[in-house]
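Along the sequence shown, the residues carry numbers beginning at 1.
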Amino acid sequence: MKHVLVYGMTYNPGGMERYIVNFFRRVQGNSVMLDFITDFDSVAYADILTAGGAKIHYFPAKSRSLWGHWRALWKLLREHKEYTAVYFHVLDAGAAVTMVVPYLLGRRIIVHSHNNETEKKRLHKLCRPALCFMANGYVSCSDAASVFMFGKKADRAIVSPNAIDAKKYRFDPRTRAKKRAELGLEGNRLVVIHVGRMAPQKNPLGLLDIFEAVWKKNPSAALIYVGDGELASEFDERVREKHLTDAVMRLGVRGDVHELLQAADVFLLPSLYEGFGIVVLEAQAAGLPSVVSDAVPQEAAVTELVTRLPLSEPPEAWADVILRAAEQERRDTCERLVQSGYDISCCEESDARIVNLF
């Protein structure tokens with residue numbers, strides 16, 4: 001039995017965290033035991049992880065004390081020789097700062113890239129050579145994420161599908177009616193939904209400009225924003241300035257995203273960059289027309305429901321595409337996700353290849 005530490009879980013139940021917990025469910029106890037390390041005060045899906053037999057080790061964040069961060073991880077690995085590998089899920093190469101400890105202690109380091117760009121460009125450029133030097137195995141969510149993180153070593157990466165439980169998201173008219181009633185979305189009101197962190201990468205302020213353009217063309221339109229983050233206060237202030245308080249529902253972090261997608265008419269994701277965009281798969285599994293930026297990798301568009309647009313297009317152009325997308329008849333596209341290989345039932349081969357890296 002291999003014992004592996006997993007780094008990368010945060011408090012936010014985002015796409016990376018959902019990938020990690022789904023991977024955990026599939027492989028835990030099957031020749032490998034996964035435990036977790038985190039420098040956050042809490043982690044998403046902690047109940048699922050602990051119920052599955054995982055331990056979660058908390059230690060200081062680099063931002064508070066780099067020395068404390070290193071020392072806690074050093075102590076953990078020195079005391080627990082059974083951990084022969086550390087599986088890093090990262091958004092940029094800055095995580096190489098943490099990798100120094102397991103590298104010096106002779107542990108295998110596996111790096112899984114979940115992004116194809118970052119705001120921390122200088123840090124990423126500085127740390128990427130060290131990351132590639134220390135890593136013993138390379139994994140990514142897309143070809144673009146491989147190139148971004150591993151450069152000339154990108155062709156060595158295992159591209160692991162950001163698979164979902166497609167059946168959980170299957171379109172159901174009864175769930176749609178129930179959820180719309182719960183949210184007070186009466187009649188045929190047009191509903192646009194976004195699921196994502198309120199962080200620069202997800203472009204929440206640009207999203208609001210796009211929705212404003214939709215609202216001006218259809219004053220009964222509503223926006224459901226699922227997520228929270230550093231731009232929440234600025235987003236709320238912009239909502240007030242644009243007089244959209246009655247049209248925008250900011251729901252924060254939710255555990256019923258699969259049902260909220262049923263209630264909507266169009267999914268909107270104008271990200272500045274995306275490693276893959278697992279939520280785009282979830283929207284497609286729900287039969288939901290999706291309008292996304294062309295920063296979302298083409299691999300994520302596994303059905304004709306996805307329209308990719310450049311962010312250089314004005315909000316009014318995005319609004320026209322959204323309004324046309326909303327006219328599509330909602331249908332069950334769940335099986336298309338399964339056939340495309342993005343259902344969790346299709347991950348056996350890539351899971352085995354990753355486990356062999358440990």
Side-chain angles (χ1 to χ4, degrees), residues 166 169-173 175-177 179-180 183 185-196 202-227 239 242-244 246-249 257-274 276-337 340 342:
Y169 294 86
R170 187 190 296 273
F171 177 59
D172 180 1
T175 301
R176 173 179 169 83
K179 210 65 184 176
R180 286 178 72 97
L183 296 169
L185 298 169
E186 66 283 350
N188 294 320
R189 191 175 184 185
L190 171 64
V191 178
V192 178
I193 189 170
H194 170 80
V195 181
K202 303 297 181 179
N203 194 19
L205 304 181
L207 181 146
L208 189 59
D209 290 338
I210 292 169
F211 175 72
E212 181 185 28
V214 172
W215 178 78
K216 286 180 177 178
K217 295 172 183 287
N218 183 341
S220 68
L223 170 66
I224 295 175
Y225 199 118
V226 183
V239 169
K242 293 176 180 292
H243 306 290
L244 292 173
D246 293 336
V248 176
M249 305 173 66
V257 170
H258 58 296
E259 294 183 342
L260 291 170
L261 290 171
Q262 305 283 329
D265 299 297
V266 179
F267 173 74
L268 176 59
L269 185 67
S271 299
L272 301 182
Y273 54 90
E274 285 285 345
F276 184 83
I278 194 171
V279 70
V280 181
L281 290 182
E282 294 168 346
Q284 290 173 90
L288 190 60
S290 303
V291 181
V292 307
S293 73
D294 59 3
V296 175
Q298 182 64 48
E299 297 104 300
V302 298
T303 72
E304 67 283 357
L305 290 171
V306 178
T307 301
R308 298 166 72 242
L309 287 175
L311 289 171
S312 57
E313 290 288 331
E316 292 74 20
W318 279 71
D320 289 338
V321 173
I322 289 169
L323 292 170
R324 287 197 299 270
E327 296 174 357
Q328 297 183 49
E329 182 179 355
R330 196 74 171 270
R331 60 191 185 281
D332 185 346
T333 54
C334 178
E335 290 307 317
R336 292 281 300 279
L337 271 291
S340 69
Y342 285 102

Please confirm whether the backbone N or O of [Y] pairs with a side-chain atom of [X], one donor and one acceptor, at under 3.5 Å?
X    : Y    : value
H194 : L268 : yes
R176 : A264 : yes
W318 : P310 : yes
Q284 : V280 : yes
S293 : S271 : yes
S290 : F267 : no
E282 : Y169 : no

Working to the nearest 0.5 angstrom, can you tell me the gap between [X] [atom1] and [Y] [atom2]?
X    : Y    : atom1 : atom2 : result
F211 : K216 : CZ    : NZ    : 12.0 Å
I322 : N218 : CD1   : CG    : 11.5 Å
L185 : K179 : CG    : NZ    : 11.0 Å

- Taking the six-membered ring for Trp and the single ring otherwise, decide whether the centroids of F276 and Y342 are under 6.0 Å apart. yes

Is [Y] close to [X] at the side-chain level, that is, under 4.5 Å between some pair of heavy atoms?
X    : Y    : answer
I193 : V266 : no
P270 : I210 : yes
L269 : V279 : yes
L305 : L288 : no
Y225 : P204 : yes
L309 : D294 : no
R336 : V302 : no
K202 : L207 : no

Salt bridge check: are [X] and [Y] linked by an N-O gap of less than 4.0 Å?
X    : Y    : result
R308 : E313 : no
E186 : R180 : no
D265 : R330 : no
E212 : K217 : no

- Message: What verdict does the side chain to side chain contact (heavy atoms under 4.5 Å, CB included) test give for L190 and L323, after you've listed the backbone C-alpha separation in whole Å, the side-chain angles of each residue and the deciding distance to 0.1 Å?
- Response: CA-CA 9 Å; L190 171 64; L323 292 170; 3.6 Å; yes

- Task: List the steps and the verdict of side chain to side chain contact (heavy atoms under 4.5 Å, CB included) for Q262 and F171.
- Result: CA-CA 6 Å; Q262 305 283 329; F171 177 59; 3.3 Å; yes

- Evaluation steps, side chain to side chain contact (heavy atoms under 4.5 Å, CB included), between V192 and I224: CA-CA 6 Å; V192 178; I224 295 175; over 6 Å; no

- Query: What are the two closest non-hydrogen atoms of A166 and A285, and how far apart are they?
  - Reply: O-CB, 4.0 Å

- Query: At their closest point, which heavy atom of R189 faces which heavy atom of A221, and how far apart are they?
  - Reply: NH2-O, 3.8 Å

- Using only heavy-atom distances, determine whether the side chains of E259 and T175 contain a donor-acceptor pair under 3.5 Å. no

- Query: Checking side chain to side chain contact (heavy atoms under 4.5 Å, CB included) for the pair L183/M249: CA distance, chi angles, key distance, verdict?
  - Reply: CA-CA 9 Å; L183 296 169; M249 305 173 66; 3.9 Å; yes

